[in-house]
Amino acid sequence: MDIEREAKELLLKNRRTTDGHQYTLPSAQHYPYQWLWDSCFHAIILAQYEPEAARLEIQSLLSRQLDDGMVPHIIYWVPGSLHNFKWGVEGTSSLTQPPMIAYAAWEIHRRAPDETFLPSIYQQLLSYYRFLIEKRDPQDEHLAGIINPDESGEDNSPRFDTIFSAPPDISYEAHQMLREKLVDENTACNFDVGYLSREGTFWVKDVLFNTVLVENLRALSHIASFLKHEEGEHFANQNAELIASGMREKLFDGRVFRSVYGLDHKPLLADTWVKFAPLFAGLYSTEEAQRLIKEYLLDEGSFWAPYGMRTTSKHEAAYRAGGFGDKFSWRGPVWMSPHWFVYHGLQRYGYMEEAAQLRQKSIALIERSGFRECFNPETGEGEGAHGFTWGALILDMNP
Ligand code: GLC
C-alpha cells in the first residue's frame, strides 16, 4: 500500500470550497464540517507539499473568529447542516479546541515562507491566544480552563467521568447527551466563564489543552519575532513560561501531570494517555520523562498495545467496559493524533527507537485497516468514521 499517495489523495478528496473559503473535511461522510484542530493537522501535512492549500485552510479556520477572539471548534460551512454546539455567530460551534493554530501557521512558514501569509493572520492569532489567556483564566492561575469535554478534543474520554458521575460503561449516546446538556447550561449564562468556573458543572484545567497552549505560544513568539512585533513576542514568551509553571504547580503530582477540575483543582484520576502529552512541549525533566516512558508508556499491561498506544489504560474500568466497535470512542481505542503528539515528544527527549516503534505501529494500522477514525488497540481493526484524515499525520512522523 502506498500510504503517502493515499493520504494525499484523501486530503484532496475531502477538500471543499464554500464562499471562497477552502478547507478539508475530517471525514466527508461523518464530519462534513471544518474542525479546529483537524484543520491544523491538515495544514501541518499540506505544508510539506501544497503550502498554498495549507495557508487557505488556516485562513478559512480563522475567518469565523468571534468578536472576543475565540475560534470556534466547528464551522458549519454548508447551510442546513447546523449541529448542536451553536451559539453567537451563525453557523459555528460555541466551543473551542486544543489551540494548535500558531504551531500550524509557523510550520507552514518554516517549510514554505511567504511574504503575505503570516501578516495576514497575525492579529487574529494574537487575539485568539489573548482570549485563552485572559478570558479562559478568570482566577488568574496561569492555566486555561475548558468548559466542555469537546474542548479537550477527546469528547468522551473517561478522564471526565467523575465530573458527570458517569458509569464506566456509559454509551456513546448517553455521553453525548451529557455534553449537550452542558452546552445548554453554558448558553443559559451566555458563556460567562467567570460564572461557569465558580458555579458550572464543568470547569477543567486539562493537561493536553495547556500543553498545546504552551507549545503554541512558543510558536506565536517565533511568528511575532519574525514580524518584529516586540509586544506580541513578549506576551507569547511570558505566557508560555507562566503556563508551563502553572502546570507544574497545579497539575503535576510528583510523577505525572493530571487534569484537574473545579476551583480547588481536584485531580481527574482516570488513567489516560494525556499524561504523555507534556512530552510534546518538553514539560517533564529528563529523569521524569525516562520514568514515564519506561514505566507507563511502554508498559504493555496499560498503554503499549500490539497496534499502538491505548488512549485509556487497559487497567481502567472504562477500558474493560468496552467502548469499541461501531461507537468510536476515546475510552481505549488508538487515535492518530495522540500518536503524533507522543511521537514528537519521544523524539524531543531523544527516544528515537521508541518513536520509530510508534511510527511502525501507525503504519501497520493504516496498512491493516486504512484511514479510519480510530482503531482497536489489540486487533488493529478500524472503528468509527471512514476516510478519516488523521492517518495522514504519518507524513509528519519522520525519523
Ligand atoms: C471527533 C473527535 C474530535 C475531532 C472530530 C472531527 O469528534 O473526538 O477530536 O475534532 O471528531 O474529526
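Both counts, for ligands and for their atoms, begin at 1 and track the order of listing.
Annotation: cation-pi pair Arg359/Tyr343 absent, no NZ/CZ under 6.0 Å from the ring centroid and within 45° of its normal.
At least one N/O-N/O distance between Asp38 and ligand 1 falls below 3.5 Å. The shortest N or O to N or O distance between Trp35 and ligand 1 is not under 3.5 Å. Considering both main-chain and side-chain atoms, Trp390 never comes within under 3.5 Å of ligand 1 through any nitrogen or oxygen pair.
Interface atoms of ligand 1 facing Phe388, defined by a heavy-atom separation under 4.0 Å, are 12 (O).
Contacts of Gln97 with ligand 1, taken as heavy-atom pairs under 4.0 Å, involve the side chain alone.
Side-chain atoms of Tyr128 and Thr96 include a donor-acceptor pair closer than 3.5 Å.
Applying the side-chain hydrogen bond (donor to acceptor under 3.5 Å, both in side chains) test to every pair with at least one member in residues 240-249, sequence neighbours left out, gives these pairs: Arg248-Glu288.
At least one heavy atom of Trp330 lies less than 4.0 angstrom from ligand 1.
Nearest heavy atom pair, residue Leu182 against residue Pro149, reads CD2-CD, 3.8 Å.
Atom 3 (C) of ligand 1 has its nearest heavy-atom neighbour, among Gly153, Ser337, Gly384, in Gly153.
Ring geometry, Trp340 versus Tyr103: the interplanar angle exceeds 60°, so the pair is classed perpendicular (tilted spans 30 to 60°).
At a threshold of 4.5 Å between non-hydrogen side-chain atoms, the residues His265 and Glu141 count as touching.
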